[in-house]
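Some notes on the structure that comes next.
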Amino acid sequence: MAELANNVRVISLLFLVGVLLSVTVFQAAEAKSEEEAAECTASRSGACHNKSKSLRLNYIAIGCILVASVIGVSLPLFTRAVPALHPEKDLFLLVKSFASGVIIATGFMHVMPDSWNDLTSPCLPDAPWRVFPFTPFITMIAAYLTMMMDTFSTAFYEKTHLAAASSRDGPNGNPAHSYSNGNGNGKDEENAGRGHDCGHGHGHGHGQMMELMFGDKKDSDLMKNRVVAQVLELGIVVHSVVIGLSMGASDNYCTIQPLVIAICFHQLFEGMGLGGCITQAEYEFKMKAIMVFFFSVTTPGGIVLGILLQHIYDENSPTALIVVGVLNAISAGLLIYMALVDLLAAEFKGPKLQRNMKLQLISYVVALLGTGLMSLMAKWA
């Protein structure tokens, strides 16, 4: 009987401990949820919240970021004036590897974490935003869609180019013209060539075929470079607008101060990567100017838009968090795919680096250096 009473006391004690633990955990969770809710609905107040100071810093940021963006994206465009920086030279390849490393780090270390923070914010309901990992999912789908656009555009170009080339050939697939002996009798010369000079005819046809093949390869590579440049700019521009909007809408000058310097370096390095792609795309001056303009003004333009919307834009509102988070995730997918597949992989698997292991090793080191520097920038921006 005494043993039974002792067991009952032990069970009762354990039950009370369990109840106390449950209440403590519940109260802690409730306090945390109240704190998170207060954070989402809190008014902008505190020592660092000063509209006049933040506005002054935003105006300075507009000028500094604009200059840094123009310098970064324009530098590679003037490399043709420097013989050592021509696209076929080793130094240009190293600069491009550095810029590609910068773009990879931008996708992984800047854009994707921003999206993750937005889509898992305590200001959003737990279901579905903190139940399912939306950021990596959207990034993955964006990378797939980028690959589809990349491969479909290349296939479409090659198909239309091949059809145009075939229409210029004869019914047997050879160039539909004859060779004259100077008397104007091209048909007789062609017939004579069939009888005793097949070697000459074959050699000439083979030369034309090789010229057509190399011409097609050059045109295909040029088209590929243009697709890369345009898609890359799209991904960068989306992220740049989001950065500028958040910065312009903020009145926390303690946050804006370090961001000005960090974003200047961010735009400088990112611009170098984009500028290298624009150079290889061999656009005419007008198209180059348009692409340089859009890259340069998107972040300052986003800041201006944020300043104008400062009274109505709430970065912690569910709509803003979802829209910005999804856009950043899409941008991350574009940048990561283009940097890995169309920039780094294309160069490192190319004949130039495959034949020169020393240059390949140096290119890896330079690419990792770009990735490391841009990753370090994630501490501030």
Neighbour count above 12 (heavy atom, 6.0 Å) for Phe132 CZ:
yes

As an exercise, state the distance from CD1 of Ile236 to CD1 of Ile103, rounded to the nearest 0.5 Å.
5.0 Å

Is there a side-chain contact between Leu343 and Cys277 (heavy atoms, below 4.5 Å)?
yes

Going through the distances and angles, do Val231 and Asp150 end up as a side chain to side chain contact (heavy atoms under 4.5 Å, CB included)?
CA-CA 9 Å; Val231 175; Asp150 192 8; over 6 Å; no

Which heavy atom in Gln230 sits nearest to a heavy atom in Met287, and how many Å separate them?
NE2-CE, 4.0 Å

With rounding to the nearest 0.5 Å, note down the distance linking CD1 in Ile307 to CG in Asn58.
4.5 Å

Would the His266 and His110 ring centres measure less than 6.0 Å apart?
yes

On a heavy-atom basis, which atom in Val111 and which in Asn328 lie closest, and how many Å separate them?
CG1-O, 2.9 Å

Please check if atom CD1 in Ile261 has more than 12 non-hydrogen atoms from other residues, nucleotides or ligands closer than 6.0 Å.
no

Quick one, Lys51 with Gln310, criterion side chain to side chain donor-acceptor pair (under 3.5 Å). Give me CA distance, side-chain angles, the key distance, then yes/no.
CA-CA 10 Å; Lys51 287 188 177 181; Gln310 196 175 60; 5.0 Å; no

Rounding to 0.5 Å, atoms OG1 (Thr106) and CE (Met377) come to a distance of 10.5 Å

Note: Arg130 and Pro122 closest approach over all heavy atoms is NH2-CA, 3.5 Å

If you define the side chain from C-beta out and look only at heavy atoms, does anything of Leu119 sit under 4.5 Å from Leu321?
no

Treating Arg226 as the side-chain partner and Glu282 as the backbone partner, does any N or O pair qualify as donor plus acceptor under 3.5 Å?
yes

For a quick test of reading the model, state the closest non-hydrogen atom pair linking Val238 to Leu327 and the distance between them.
CG1-O, 3.8 Å

Drop me the distance from Leu305's CG to Thr298's OG1, to the nearest 0.5 angstrom.
12.0 Å

Does Ser240 use its side chain to pair, donor to acceptor, with the backbone of Thr299 at less than 3.5 Å?
no

Show your working on side chain to side chain contact (heavy atoms under 4.5 Å, CB included) between Met272 and Val102 and close with a plain yes or no.
CA-CA 9 Å; Met272 289 173 62; Val102 167; over 6 Å; no

Find out if a path of hydrophobic residues (ILVMFWY) with successive side-chain heavy-atom gaps under 4.5 Å connects Leu308 to Leu55.
yes

Step by step, work out the side chain to side chain contact (heavy atoms under 4.5 Å, CB included) result for Lys352 and Asp90.
CA-CA 9 Å; Lys352 187 170 185 177; Asp90 292 348; 3.0 Å; yes

Looking at Phe348, I want to see if its CZ is surrounded by more than 12 non-hydrogen atoms of other residues, nucleotides or ligands under 6.0 Å.
yes

Any side-chain heavy-atom pair from Pro136 and Trp116 closer than 4.5 angstrom?
yes

List the steps, then state whether side chain to side chain contact (heavy atoms under 4.5 Å, CB included) holds for Leu334 with Leu232.
CA-CA 7 Å; Leu334 292 176; Leu232 195 61; over 6 Å; no

Which heavy atom in Phe108 sits nearest to a heavy atom in Pro113, and how many Å separate them?
O-CD, 3.1 Å

Between CG on residue Leu353 and OG on residue Ser97, distance to nearest 0.5 Å:
6.5 Å

Indicate the atoms forming the closest heavy-atom contact of Ala99 with Gly273, along with that distance.
CB-CA, 3.1 Å

Approximate separation, where rounding is to 0.5 Å, of Ser363 OG and Leu344 CG:
9.5 Å

Parallel, tilted or perpendicular: rings of Phe269 and Phe265 (30°, 60°)
tilted

